[in-house]
Amino acid sequence: MQRRNFGRNQVLKPSAFYTPADEQEILQILDRHRGQRIRAVGRLHSWSDAVLSDDVLLDLRRLNAVQLHSEGDQLVAEVGAGCQIKRLLKELNRHDATLQSLGLITEQTIAGAISTGTHGSGRHSMSHYVEGVRLARYDASTGKVVIDELSAGEPLQAARCSLGSLGIILSVRIRCREQYNVKEHFTETRRLSHVLDAEASFPLQQFYLIPWRWSYFIQHRREDDQPRSRLARLYRIYWLGVMDYALHLQILLMERVLRSRRSIRFSFRHIVPAFLIRNWKVTDRSSSMLVMKHEAFRHIEIELFVPRDQLADALDFAQETIEVAGGRQSTLSADNQQRIEGIGMQEDLARLHDQYFHHYPICVRRVLPDDTLISMASGSGQDWYALSFISYAKPARRAGFHLFASFMARSMSRLFHARPHWGKICPLEADELTALYPRFDAFRTICNTLDPQGVFQNDWTTALLEADIP
Ligand SMILES: Cc1cc2nc3c(=O)[nH]c(=O)nc-3n(C[C@H](O)[C@H](O)[C@H](O)COP(=O)(O)OP(=O)(O)OC[C@H]3O[C@@H](n4cnc5c(N)ncnc54)[C@H](O)[C@@H]3O)c2cc1C
């Protein structure tokens, strides 16, 4: 049975496929397929090779129970691995609770979301809040199928974001919080310093660099004690109708139908800004405010995480590279040209010239450092900023985007320590990726201890675990 991911850039051809009903059935499947390679997937919303599997494949959608309880002064939910975030939010909301952090969509499963470090803005990634993971695997000495609870130390830090490489996650214990409201409004500025200054007042904000207009739209957000606004329902209709559908249909029209660079530039300069109502201040429930229907139209994405002290340079570099890739400029500024020469990528830049016309706002989200081994925001230092580059080109016409994504990942990882999102397009070699994570070696040790035969790996994770560490 063949399965494809959301982005239609990955095809899975497992030799056996199961949707087990409970833990007992999973243990039986593991027993039956001893010695074969076994992977689990969530809702296949990753674009990276993390989802690939060519042998036994498990989909745990039927393990979706949610139980909420208090541990001391903390709210903790025990969630079946295959439970989608949207179902989890609904269940939590019945108890006036919610998740500590959320990505832009709620289609993912809890196990899938944490396994690639899914994040939103202004908080840690979801992985950081994981308190425990129940895992099915083989015991190294007896070969018998066992269930472990990873709930402390490096095993927990590894399980918080593990790329499916430790075993089959059965359930996740995750810290929750009481439900809260978020107030938001949009403003526009040309200065990054204005955007960053606003963080003190709006810690949950995210912002968008608008291509070809080159200004920033800031989605100012903060927690709010006020009740839901009177116009909150109207605001939701506006978001769904105007932002999620009309804006995206317009982008699809330009990119897929007209295929005109001139109209894309004109649109981002003059039409897209008109979709955004500035200074309309609305308070609504966090789980409504923080998400959108970004899954409505098929697309592909690379997201690069840079530390805060690299953000300004990284954004300038991205803007200039987009101009070169779009054929609007033939070279970068003197500073950036020098950077590219310093890493010997002049010819790559020349090859990118005029090959890809960017056509989507670059969303920038702040992620607080995670207590994990390898999530993109792992480490105890600065905040990270995730820059996303999205293409709505038809799957058959993505060559330009892939060239661009590869150039961005290779140059920005060397120039700005940029880490590609594990679940999105990830065009670096295994040793380039692992070199970005100071604690990758500890992650490797946990994987080798829990899965010494490598049965829970695919080719991509095997290469990561075998990569040289500098
Ligand atoms: C439209 C769209 C919007 C997105 N928005 C965001 C966003 O705002 N922020 C963000 O950070 N990411 C975002 N993503 C990326 C997405 O959150 C991640 O790729 C996530 O991992 C997908 O979850 P999934 O349930 O589909 O898992 P899959 O993609 O199916 O799997 C992801 C990984 O989890 C592993 N896995 C899944 N279940 C298990 C299990 N039971 N046991 C062991 N391993 C398991 C798989 O092996 C794989 O390695 C978005 C993706 C899309 C398509």
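Atoms within each ligand, like the ligands themselves, are counted from 1 in listed order. If you're wondering where the values come from, they're calculated on a predicted model, not measured in any experiment.
- Within the 4.0 Å heavy-atom cutoff, Q84 does not count among the residues contacting ligand 1.
- Looking at R175 and E131, a side-chain N of the basic residue comes within less than 4.0 Å of a carboxylate O on the acidic one, giving a salt bridge.
- Side chain to side chain, R32 and Y18 meet the donor-acceptor criterion of an N or O pair below 3.5 Å.
- Residues Q157 and T372 bring no donor and acceptor atom of their side chains to less than 3.5 Å of each other.
- The proximity of A113 to ligand 1, defined as any non-hydrogen pair under 4.0 Å, is limited to the backbone.
- From the protein, the heavy atom lying nearest to atom 34 (O) of ligand 1 is S115 CB, 3.2 Å.
- Residue G167 places a heavy atom under 4.0 Å from ligand 1.
- Nearest residue to atom 29 (O) of ligand 1 from S46, G120, G42, G117 is S46 (criterion: closest heavy atom).
- For the residue pair Q219 / Q205, no side-chain donor-acceptor distance below 3.5 Å is found, with atom types taken as modelled.
- Inclusion of F6 in the set of residues having an N or O under 3.5 Å from an N or O of ligand 1 is not warranted.
- The distance criterion of under 3.5 Å between nitrogen or oxygen atoms is met by R43 with respect to ligand 1.
- With hydrogens and angles left out, the side-chain atoms of Y385 and R308 include a donor and acceptor closer than 3.5 Å.
- Inclusion of H294 in the set of residues having an N or O under 3.5 Å from an N or O of ligand 1 is not warranted.
- Inclusion of L60 in the set of residues having an N or O under 3.5 Å from an N or O of ligand 1 is not warranted.
- Residue-to-ligand polar distances place H45 within reach of ligand 1: an N/O pair is separated by less than 3.5 Å.
- Using modelled atom types and a 3.5 Å distance limit, the side chains of Q179 and S286 yield a donor-acceptor pair.
- Summary of contacts: the protein heavy atom closest to atom 41 (N) of ligand 1 is I169 O, 3.0 Å.
- Judged by distance alone, the side chains of Q84 and N64 never bring a donor and an acceptor atom under 3.5 Å apart.
- Near A81, meaning under 4.0 Å from any of its heavy atoms, are these atoms of ligand 1: 41 (N).
- Interface of V51 with ligand 1, defined as ligand atoms under 4.0 Å from a residue heavy atom, comprises 28 (P), 29 (O), 30 (O), 31 (O).
- Side-chain atoms of S375 and D370 form a donor-acceptor pair, as typed in the model, at a separation below 3.5 Å.
- Of all protein heavy atoms, the one lying nearest to atom 49 (O) of ligand 1 is A50 O, 3.1 Å.
- Residues S267 and P273 share a closest heavy-atom pair of O-CD, 3.9 Å.
- At the shortest separation from atom 12 (N) of ligand 1 among protein heavy atoms lies H421 NE2, 3.3 Å.
- Ligand 1 has at least one atom lying under 4.0 Å from a heavy atom of W47.
- Taking the ring centre of F440 as origin, the terminal cationic atom of R444 falls outside the region bounded by 6.0 Å and 45° from the ring axis.
- Atoms of ligand 1 lying under 4.0 Å from at least one heavy atom of A111, given by number and element, are 38 (N), 39 (C), 40 (C), 41 (N).
- Using the six-membered ring where Trp is involved, H220 and F202 have ring planes that are tilted, between 30° and 60° apart.
- By the criterion of a heavy-atom distance under 4.0 Å, the side chain of K424, and not its backbone, is placed next to ligand 1.
- Considering backbone and side-chain N/O of I168, none are found under 3.5 Å from N/O of ligand 1.
- For the pair R298 and Y392, the NZ or CZ position fails the cation-pi test of under 6.0 Å to the six-membered ring centre and within 45 degrees of the ring normal.
- Using a 4.0 Å cut-off to heavy atoms of T109, the atoms of ligand 1 that qualify are 25 (O).
- Pairs passing the side-chain hydrogen bond (donor to acceptor under 3.5 Å, both in side chains) check and including a residue from residues 113-122, sequence neighbours excluded, read H119-E303.
- Between G112 and ligand 1, an N or O atom pair is found at a separation short of 3.5 Å.
- Ranking protein heavy atoms by distance to atom 44 (N) of ligand 1, first place goes to G164 CA, 3.4 Å.
- Distances from atom 5 (N) of ligand 1 to the heavy atoms of I300, I105, L290 put I105 nearest.
- Annotation for ligand 1: atoms under 4.0 Å from non-hydrogen atoms of V41 are 30 (O), 37 (C), 38 (N).
- For the residue pair D139 and T142, a side-chain donor N or O sits within less than 3.5 Å of a side-chain acceptor on the partner.
- Using modelled atom types, one finds a donor on one side chain and an acceptor on the other under 3.5 Å when comparing T283 with D224.
- Some N or O of A40 is nearer than 3.5 Å to an N or O of ligand 1, by distance alone.
- The closest protein non-hydrogen atom to atom 9 (N) of ligand 1 is H119 O, 2.9 Å.
- With respect to R160, the side-chain contact (heavy atoms from CB on, under 4.5 Å) criterion is satisfied by exactly one of L373, D371, V133, V172: D371.
- Residues H358 and Y360 bring no donor and acceptor atom of their side chains to less than 3.5 Å of each other.
- For T19 and D59, the side-chain atoms include no donor-acceptor pair closer than 3.5 Å.
- Of all the atoms in ligand 1, the ones that sit under 4.0 Å from a non-hydrogen atom of T116 are 18 (C), 19 (O), 20 (C), 21 (O), 32 (C), 33 (C).
- Note: an N/O pair closer than 3.5 Å links R365 and ligand 1 by distance alone.
- Contacts between E107 and ligand 1, counted as non-hydrogen atom pairs separated by less than 4.0 Å, are absent for every part of the residue.
- Between L104 and ligand 1, an N or O atom pair is found at a separation short of 3.5 Å.
- For H299, the heavy-atom gap to ligand 1 drops under 4.0 angstrom.
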